Number of protein chains: 2
Amino acid sequence: MDSKEYELSDRERIAKRLKEARLQSGLKQEQAANLLNIQRPTISEIEAGRRKVSAEEIIQFADLYKVNPSWLLLEDDGNIDPSLMFAARELEKYKQEDIKKLIDILKILPK
Amino acid sequence: MDSKEYELSDRERIAKRLKEARLQSGLKQEQAANLLNIQRPTISEIEAGRRKVSAEEIIQFADLYKVNPSWLLLEDDGNIDPSLMFAARELEKYKQEDIKKLIDILKILPK
DNA sequence: CTTTTTTTGTAAGATATTCTTACTGTAACA
DNA sequence: TGTTACAGTAAGAATATCTTACAAAAAAAG
């Protein structure tokens, strides 16, 4: 009976991951709140998906809970697509000027 | 040439990356705002580091600007230049054959 | 260079969110 | 039952954000 994250908003899904991460790290809401210098109800509201989480807070939560920041942003993991990396490294062989030109061309070309 | 992000707050550094990413994607503030269904001054305030960016917004910005969400959260994207990453992502959309042609064109282009 | 247009910055009041504090709910356990 | 530990929630105060309009700056045109 896997809990489906479908039909949940991004905020709710992020909330779930934050709660999961906190529990995984063995911290109570109050402990997390103290360590991050925020109020405990704030943690409660965030984990309920009722309060937004800022980018900075995501960084802090990730650090405290020892999880990858990008996982909190609903990415599968923190890794970049290998084929993308390959393409990027190929591009590195070219001069900066040529790359700029390529980018301009790409912006114009149809897919 | 400074470009030193030292002594900047996380918010300011995120702001810089957001602006850099927008410019790299060739979008005006107004275009970005329209595509994200927010007001243009909001983009301005965010890029000035005066307004927080929510986790959800980071996801949307990353998608629109074609950058890695974790890079917006100040992770270092595997030490590859952001403009390279952008080009690589764009390149992925094209057929292998077309990419070879593009690179051939690049080799001919004057510096 | 001067003028015009485009793009971005910013002000101010209205609106909305978040914070703070205190109280409530719930589960575990003696 | 009563107690403890932890999490949820309510309400007003404090902040932040949004909206609209105008101003500044930058870019383009003449």
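Since the model is a prediction, treat every value here as computed from it, not as a measurement. In what follows, every heavy atom counts, from backbone to side chain, and hydrogens, waters and symmetry copies are set aside. Throughout, protein chains are lettered first and strands after them, A, B, ... in sequence-line order, and every chain is numbered starting at 1.
Listed candidates were dA21(D), dG8(D), dC19(C). Nearest to the side chain of Pro41(B) is dA21(D). When distances run from any side-chain atom of Gln39(A) to the nucleotides dG9(C), dT19(D), dT21(C), the shortest one goes to dT21(C).
Of the side-chain N and O atoms in Arg22(A), one or more sit less than 4.0 angstrom from OP1 or OP2 of dA7(D). Checking the phosphate oxygens (OP1, OP2) of dG8(D), a side-chain nitrogen or oxygen of Gln29(A) falls inside 4.0 Å. A sub-4.0 Å separation between OP1 or OP2 of dA16(D) and a side-chain N or O of Arg50(B) is absent. The side chain of Ser44(B) places an N or O atom within less than 4.0 Å of a non-bridging phosphate oxygen (OP1 or OP2) of dG9(C).
Here the side chain of Arg11(A) pairs a donor or acceptor atom with the backbone of Arg50(A) at under 3.5 angstrom.
Annotation: of the two residues near DNA chain C, Leu27(B) and Lys52(B), the 5′-most nearest-nucleotide partner is Leu27(B).
Rounded to whole Å, the distance from CD1 on Ile43(B) to C1' on dT7(C) is 13 Å. Rounded to a whole Å, the CG atom of Asn34(A) is 12 Å from the P atom of dC6(D). When the P atom of dT19(D) is taken as reference, atom CG of Asn37(B) falls 11 Å away, rounded to whole Å. Rounded to whole Å, the distance from CD on Gln31(A) to P on dA5(D) is 13 Å. To the nearest angstrom, P of dT19(D) lies 13 Å from CZ of Arg40(B). Atom C1' of nucleotide dA7(D) and atom CD of Glu30(A) are separated by 11 Å, given to the nearest angstrom. In this structure, the CD1 atom of Ile46(B) is 15 Å from the P atom of dA16(D), given to the nearest Å. Computed from coordinates, the Glu47(A) CD to dT9(D) P distance equals 12 Å when rounded to whole Å.
Within the 4.0 angstrom heavy-atom criterion, base atoms lie near Glu45(A).
A salt bridge (Lys or Arg N to Asp or Glu O under 4.0 Å) with Arg51(B) is found for exactly one of Glu45(B), Glu12(B), Glu57(B), namely Glu57(B).
The distance from atom CD1 of Ile14(B) to atom CD of Glu47(B), rounded to the nearest 0.5 Å, is 13.0 Å.
In the hydrophobic clustering of this structure, Leu35(A) groups with Ile38(A); members are Ile, Leu, Val, Met, Phe, Trp, Tyr whose side-chain heavy atoms approach within less than 4.5 Å, directly or through other members.
Using a 4.0 Å cut-off between charged side-chain N and carboxylate O, Glu30(A) and Arg40(A) make no salt bridge.
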